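Remarks on the structure that follows.
Keep in mind it's a predicted model, so treat the numbers as computed, not measured. Computation of the quantities below employed the complete heavy-atom set of this structure, encompassing side-chain atoms and omitting hydrogens, waters and symmetry-equivalent molecules.
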Amino acid sequence: MWQLLAFTSALFSALAAVFEKKALLKSDPLVFSLILSALTMFFTLPFLLYADLNALEFATVAVLFGKSVLGAFAFLLVMHGLKRLDISASLPLLVLTPG
């Protein structure tokens with residue numbers, strides 16, 4: 001069962017990279033990242049209504065904010081690399097993302 005999940009995940013990841021490459025041929029990576037971030041915000045904003053904001057500590061929010069800024073910058077750099085490099089050269093580099 002886990003092999004099927006791993007294969008499906010790899011397939012969807014490769015398809016996402018191909019579609020991103022196609023979209024980046026027509027637009028700027030910054031605009032693409034902004035649109036994708038706005039869509040993500042649109043879909044996740046309703047969950048804020050169910051969050052207990054009193055349970056959050058300042059240190060936790062600060063770490064989450066810092067991680068979000070670094071993640072957004074990393075995503076933008078990946079999109080710049082994907083736009084400029086061949087997809088066969090950029091996708092193997094994305095394997096290093098967990099590191």
Side-chain angles (χ1 to χ4, degrees):
M1 179 67 177
W2 69 269
Q3 292 98 342
L4 180 64
L5 290 175
F7 177 75
T8 306
S9 174
L11 182 69
F12 283 147
S13 179
L15 284 174
V18 169
F19 286 127
E20 286 171 352
K21 178 74 173 177
K22 286 259 193 210
L24 287 170
L25 289 175
K26 300 175 185 168
S27 70
D28 184 54
L30 183 61
V31 173
F32 179 77
S33 299
L34 180 66
I35 291 171
L36 192 62
S37 296
L39 280 171
T40 302
M41 184 185 73
F42 175 75
F43 285 117
T44 57
L45 209 53
F47 292 108
L48 188 61
L49 299 173
Y50 300 107
D52 183 16
L53 299 179
N54 294 328
L56 296 175
E57 296 179 12
F58 177 76
T60 305
V61 174
V63 168
L64 185 61
F65 180 77
K67 186 230 179 270
S68 298
V69 169
L70 288 174
F73 186 64
F75 184 78
L76 180 61
L77 291 178
V78 166
M79 292 302 110
H80 274 287
L82 192 59
K83 181 177 176 98
R84 288 179 170 77
L85 294 173
D86 289 334
I87 201 163
S88 61
S90 59
L91 277 186
L93 292 175
L94 289 178
V95 174
L96 300 173
T97 299

To the nearest 0.5 Å, how far apart are CE in Met1 and CG in Leu5? 4.5 Å
Approximate separation, where rounding is to 0.5 Å, of Leu82 CG and Leu77 CG: 12.5 Å
Is the side chain of Lys83 donor-acceptor paired with the backbone N or O of Asp28 at a distance under 3.5 Å, no angle test? no
For Leu30, the rest of its hydrophobic cluster, which grows through side-chain links under 4.5 angstrom: Leu76
Can Val61 be reached from Leu48 by stepping across I, L, V, M, F, W or Y side chains whose heavy atoms are under 4.5 Å apart? yes
Honestly curious: do Val31 and Phe73 fall in one hydrophobic cluster under the side-chain, below-4.5 Å linking rule? no
If I take atom OG from residue Ser27 and atom CZ from residue Phe32, how far apart are they, to the nearest 0.5 angstrom? 7.0 Å
Cluster check Val18, Leu36: I/L/V/M/F/W/Y, side chain < 4.5 angstrom: yes
Heavy-atom side-chain contact between Phe12 and Thr8 under 4.5 Å: yes
Would one find more than 12 heavy atoms of other residues, nucleotides or ligands at under 6.0 Å from atom CD of Glu57? no
Strictly distance-based, threshold 3.5 Å: is any side-chain N or O of Ser68 a donor or acceptor partner for the main-chain N or O of Leu64? yes
Would you check if the side chain of Thr60 reaches a backbone N or O of Leu56 as a donor-acceptor pair within less than 3.5 Å? no
Expected output: side-chain Lys21 to main-chain Asp86 donor-acceptor under 3.5 Å: no
Rounded at 0.5 Å granularity, tell me how far CZ in Phe47 sits from CG in Leu45. 10.5 Å
Nearest heavy-atom approach of Leu24 to Met79 is CD1-O, 3.4 Å
